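Working notes, beginning with the structure itself.
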Amino acid sequence: MPSVTVVIAARPDQADIDAVRAARALDYPPDKLEILLARGRQPSAQRNAALKEAQGDLIYFLDDDSVPEPKNLRRIIGHFADPDIKMVGGPNICPADAPPLEQTFALVLGTWLAFGPSRARYTPVGTVRQTTEKELILCNLVARRDALLESGGFNEKLYPNEENALMDELQASGGKLLYDSQLVVRRRPRRTLKAFAKMLMTYGRGRAEQIRVNPTVGSALNFAPPLFVLYLVLLIPAIIWKGSIVILPLILYLGAVLVQVAALTRIAPPRQCLPVIPLIILTHVLYGFGFWRGLCTKLRPPRGGDANVTVERISLND
């Protein structure tokens, strides 16, 4: 059995860390498991610092609020029998006892219209298969330590999307990525509408910054939201110039939103699905605005206090 280091990024003053308790509960031989808690204010730098101190053959990255299934590490052992497999990941799903608003956010995250193939990050989709960075997420990701070190670790100029750029590099050098829909962590979505909106803007900015650093054909679909925002901005001048015919794409778009929400009623009650209509539109608009912002930001590694990272080795016992 390969040795495993669980790496958790947390804030400097954070005391209650769900992922630490969950990592201690993982079903894996204690002599093959270690837990590193990297504290700081820039997750890319925190994870790189932990990576340098890690002793495991495999690195299991968790966010501070990720709660993995106890069987997860035993599940991935067979996946890494193929030496070409460099990373394995699965979805982070909303806990069943989360508040109704968070359950609604989870519905949005799991829709094809809102997040395309990346919906697989938030809901189990299909079975075990080779994949791309579009379906994997760093809050539930296992990687070979040697592959990470050879690639230089995470680009500290990027956050978020530092893992996406690294996955693209690994695939470009011949490595394979694997998605396992049953490799699950429980993780609550954002707790308020304001926090959810901020997340969408951040995701858009992060994708644009990633494209600037590491452009790939796979990111072409991510241009749809910013182009939609541009269409909305130009809509009134276009109506004046070309007439109401230019509204047709918007009508088709709204129809697609309604169809998507109607499909959700098979897995959720209608009263929970109705708020998804404005939230899907909000997703596209805010992601698009964030994307445009990300094309203009200054990319630089963390400096000053943001560069300070401490790595703690956590006891496996409470």
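Small disclaimer: the values here were computed from a predicted structure and weren't measured.
- A distance of 6.0 Å or more separates the ring centres of Y287 and Y203.
- Minimum interatomic distance between F105 and P189 (heavy atoms only, all atoms of both residues): CB-CB, 4.0 Å.
- Using modelled atom types, one finds no donor on one side chain facing an acceptor on the other under 3.5 Å when comparing N214 with E169.
- Under the 3.5 Å distance criterion, the side-chain polar atoms of S3 are left unmatched by any main-chain donor or acceptor of K32.
- Hydrophobic clustering places I8 together with L26 (ILVMFWY residues linked when any side-chain heavy atoms are closer than 4.5 Å, directly or through intermediates).
- D63 is not listed as a side-chain neighbour of V185, based on a closest heavy-atom distance of 4.5 Å or more.
- The closest side-chain heavy-atom distance from I93 to R186 is below 4.5 Å.
- Annotation: Y253 is in aromatic contact with F228 [ring centroid separation under 6.0 Å].
- In terms of modelled atom types and a separation under 3.5 Å, the side chain of D64 and the main chain of I17 share no donor-acceptor contact.
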Legend entry - Candidate pair R24 and S315, rule side chain to side chain donor-acceptor pair (under 3.5 Å), full reasoning: CA-CA 8 Å; R24 285 171 168 159; S315 170; 5.2 Å; no

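- The closest donor-acceptor contact from the side chain of R313 to the backbone of L37 lies at 3.5 Å or more, if one exists at all.
- Summarising the local packing, CG of L248 is surrounded by more than 12 heavy atoms from other residues, nucleotides or ligands at distances under 6.0 Å.
- Inter-residue side-chain proximity for Y60 and I76 is flagged as unmet; no heavy-atom pair is nearer than 4.5 Å.
- Note that the CG atom of L62 and the SG atom of C139 stand 8.0 Å from one another [nearest 0.5 Å].
- Side-chain atoms of N155 and Q210 include no donor-acceptor pair closer than 3.5 Å.
- Between the side chain of Q103 and the backbone N or O of C94 there is no donor-acceptor pair closer than 3.5 Å.
- Looking at every heavy atom in both residues, A45 comes nearest to P302 through CB-CG, 4.0 Å.
- Legend: residues meeting salt bridge (Lys or Arg N to Asp or Glu O under 4.0 Å) with E312, ordered by chain and number and at least two apart, are R39.
- Connectivity analysis of hydrophobic side chains (ILVMFWY, heavy atoms under 4.5 Å, direct or indirect) links L36 to V309, V311.
- Hydrophobic clustering (side-chain heavy atoms under 4.5 Å, transitive across Ile, Leu, Val, Met, Phe, Trp, Tyr) keeps I314 apart from V67.
- Surrounding CZ of R41 are at most 12 heavy atoms belonging to other residues, nucleotides or ligands under 6.0 Å away.
- Taken from CZ in R271 to OG1 in T104, the straight-line distance is 10.0 Å, to the nearest 0.5 Å.
- Shown here for Q182 and P124, the closest heavy-atom pair between the two residues is NE2-CB, 4.5 Å.
- Using modelled atom types, no side-chain atom of T131 and backbone atom of L178 make a donor-acceptor pair closer than 3.5 Å.
- Scanning both residues, M1 and P29, for their nearest heavy atoms gives CE-CD, 3.6 Å.
- Side chain of T111 to backbone of V108: a donor-acceptor contact under 3.5 angstrom is found.
- Annotation: side chain of S66 is not in contact with side chain of D18 (no heavy-atom distance under 4.5 Å).
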Inset, instruction - Determine, stepwise, if the pair E135 / R119 fulfils salt bridge (charged side-chain N to carboxylate O under 4.0 Å, His left out). - result: CA-CA 7 Å; E135 294 188 317; R119 64 187 286 267; over 6 Å; no

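- Every pair passing salt bridge (Lys or Arg N to Asp or Glu O under 4.0 Å) that includes a residue from residues 157-167 is listed here, sequence neighbours excluded: R47-E162.
- The two residues L200 and L286 have their closest heavy-atom pair at CB-CB, 4.0 Å.
- Distance alone, capped at 3.5 Å, is enough to place a donor-acceptor pair between the R121 side chain and the K134 backbone.
- The cluster map of Ile, Leu, Val, Met, Phe, Trp and Tyr, joined by side-chain heavy atoms under 4.5 Å apart, puts L279 and V259 in different clusters.
- Between D65 and the options R188, R191, R187, a salt bridge (charged side-chain N to carboxylate O under 4.0 Å, His left out) holds for only R187.
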Inset, instruction - Decide salt bridge (charged side-chain N to carboxylate O under 4.0 Å, His left out) for D84 and R144; before the verdict, give the C-alpha distance in whole Å, the side-chain angles of both, and the deciding distance to 0.1 Å. - result: CA-CA 10 Å; D84 290 333; R144 293 186 188 274; over 6 Å; no

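- The closest side-chain heavy-atom distance from R74 to Y28 is below 4.5 Å.
- Residues L258 and L113 share a hydrophobic cluster, clusters being chains of Ile/Leu/Val/Met/Phe/Trp/Tyr side chains in contact below 4.5 Å.
- Scanning both residues, R212 and P215, for their nearest heavy atoms gives O-CD, 4.4 Å.
- Under the 4.5 angstrom side-chain criterion for Ile, Leu, Val, Met, Phe, Trp and Tyr, the cluster partners of L136 are V7, L51, I59, F61, M87, V125, L138, L141, L148, L149, F154, L166, M167, L170, L177, Y179.
- Between atom OG1 of residue T5 and atom CD of residue Q55 there is a gap of 7.0 Å, rounded to the nearest 0.5 Å.
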Inset, instruction - Begin from the C-alpha positions of E133 and N161 and carry the test side chain to side chain donor-acceptor pair (under 3.5 Å) through to its verdict. - result: CA-CA 10 Å; E133 55 93 10; N161 286 71; 5.5 Å; no

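- I281 and I251 fall within the same hydrophobic cluster, where Ile, Leu, Val, Met, Phe, Trp and Tyr residues are linked whenever their side-chain heavy atoms come under 4.5 Å apart, directly or through other members.
- Atom OH of Y231 has more than 12 heavy atoms from other residues, nucleotides or ligands within 6.0 Å.
- Counting only heavy atoms from C-beta outward, the side chains of L232 and L250 approach each other to under 4.5 Å.
- Put simply, the side chain of E69 does not reach to within 4.5 Å of the side chain of L183, judged on heavy atoms.
- Through direct or relayed side-chain contacts under 4.5 Å between Ile, Leu, Val, Met, Phe, Trp and Tyr, W241 connects to no other residue.
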Legend entry - Verdict with reasoning, S219 to R207, per side chain to side chain donor-acceptor pair (under 3.5 Å): CA-CA 8 Å; S219 291; R207 176 59 62 169; 3.1 Å; yes

Inset, instruction - Applying side-chain contact (heavy atoms from CB on, under 4.5 Å), run through V88 and V128 and close with a yes or a no. - result: CA-CA 10 Å; V88 178; V128 178; over 6 Å; no

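- Judged purely by atom type and a 3.5 angstrom limit, Q46 uses its side chain to pair as donor or acceptor with the backbone of Q42.
- Using a 4.5 Å heavy-atom threshold, the side chains of T192 and F196 count as separate.
- Residue V213 belongs to a hydrophobic cluster whose other members are L158, L299, with links defined by side-chain heavy atoms closer than 4.5 Å.
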